[in-house]
Amino acid sequence: MIPVCEPLIGDNVAPLVKACVDTGWVSSEGSYIREFEAKWSAYCGVAHGIAVANGTCALQIAVVALGLPPGSEIIMPSFTIISCAIAILEAGCVPVLVDAEPDTWNMNLDEVEAKITPRTRAIMPVHMFGHPVDMRRLKEIAKRHDLRLVEDAAESHGAESHGQRVGGIGDLGCFSFYANKIITTGEGGMVVTNDAGLADRCRSLRNLCFIPERRFLHREIGHNYRLTNIQAAIGVAQTERVDRHIEHKRFMAKAYRERLSGLPVTLPVERNWAKNVYWMYGAVLHDDIPFDAVEFAKRLRARGVDTRPLFLGMHEQPVLNERRLFAGERYPVTERLARRGLYLPSGLTLTEAQIDEVAGAVRNILS
Ligand SMILES: Cc1ncc(COP(=O)(O)O)c(C=O)c1O
């Protein structure tokens, strides 16, 4: 079976992890935390980084750090992971959805302004599957309506929107370093920002809102969302290799495109103002194919190719519908992606020979 994704843990990781073990700095107080924060935020072109336990809690503290009044509306894509909606709800805010673009799978910016109300306070663009959102255009919308921007760049390390790396463009940017991400710390995440005040808020929220004047006196509810020094050591080593990882992702995308174009599937695109880092290589079945993505995945599996489905829209989540969210709302592009799309093996250890095999299996099923 060709796996859908395997991480690439380089030979530069083990010496740094060994240093943590040898020195006993294994929890969140070691020097690799600060080094990882400094190196990753510098890579993103911003001043501050706050390392946390995963991408979901990065989003949670980023939204809370904005200090929005309860009931504030935050516009987000329907086509994404539930982490985005959870972060908004846990901050006492209300998620408001817009549909996806059929080709980039990012939130459709044409629909954003129609969703702005007097209660809207922020927008959460999610850079989907490696393709950046048009942040120049979104920033103009945000500026015109005085809205904050929280970027979710979990899947798009190093992607560029009009020449600027994602995560470092809005008020706050959030990353995941889960094992299937472009760089990984096993589990892990980071918030990055240029705003020193927001950075301080995130640092406090990450660590139970301790206050400097008196240890164990608390005026706010925080969380233990700390990353360990061991994970940060892996992150430092992985950051050294991020450009190499992105180069391989782009190589794999080109190899897939050459082998799959002409088949009845829609493949990832790259807008002329964008650098797509092709986190995972997706394929969406054309409507004339008489089966859906579940059947497509089954047939690929029978030929030794592992795949994953695409996200199911937020408006189709029972747990959110039970909270009376998105009742009766429809997002046709999201619904179609969920039913007709999947992603192919795209891990950093994938070889060109394996891409040949995957493409052969896809061709065999679709022709
Ligand atoms: C777009 C997006 N946001 C947030 C997350 C959450 O990150 P984590 O799994 O590290 O909590 C993910 C997922 O993996 C993701 O794909």
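We count residues from 1, following the sequence as given. Hydrogens, waters and symmetry mates are skipped; everything else that's a heavy atom, side chains included, is used. Counting starts at 1 for both ligands and their atoms, following the listed order. Since the structure is predicted, the reported quantities are computational estimates derived from the model, not experimental observations.
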With heavy atoms of Val126 as the reference, note each atom of ligand 1 found under 4.0 Å away. 1 (C)
If you count the atoms of ligand 1 from 1 in the order shown, which ones are under 4.0 Å from a heavy atom of Ile81? 2 (C), 3 (N), 4 (C), 5 (C), 12 (C), 13 (C), 15 (C)
Can you name the atoms of ligand 1, numbered from 1 with element, that are less than 4.0 Å from a heavy atom of Asn54? 10 (O), 11 (O)
With a 6.0 Å cut-off on the ring centroids, do Tyr43 and Phe175 count as close? no
Polar contact flag for Glu187 and ligand 1 (N/O pairs, less than 3.5 Å): no
Considering non-hydrogen atoms of the protein only, which is the closest contact for atom 4 (C) of ligand 1, and what is the distance? Asp152 OD2, 3.5 Å
Would you please indicate yes or no on a ring centroid separation below 6.0 angstrom for Tyr278 and Phe129? no
ILVMFWY cluster, Tyr225 and Ile33 together (side-chain gap under 4.5 Å): no
N or O pair under 3.5 Å between Phe311 and ligand 1: no
For ligand 1, which atoms sit closer than 4.0 Å to a heavy atom of Ser176? 7 (O), 8 (P), 10 (O)
Consider ligand 1: state whether an atom of it lies below 4.0 angstrom from any non-hydrogen atom of Ser83. yes
Write out the residue and atom name of the closest protein heavy atom to atom 11 (O) of ligand 1, then the distance separating them to 0.1 Å. Thr56 OG1, 2.6 Å
Arg259/Glu352 ion pair, N-O < 4.0 Å: yes
Report yes if Glu155 has an N/O atom closer than 3.5 Å to an N/O atom of ligand 1; otherwise report no. yes
Using 4.0 Å as the upper bound for N to carboxylate O, is an ion pair formed by Lys298 and Asp292? no
for atom 14 (O) of ligand 1, nearest protein heavy atom and its distance come out as Lys181 NZ, 2.7 Å
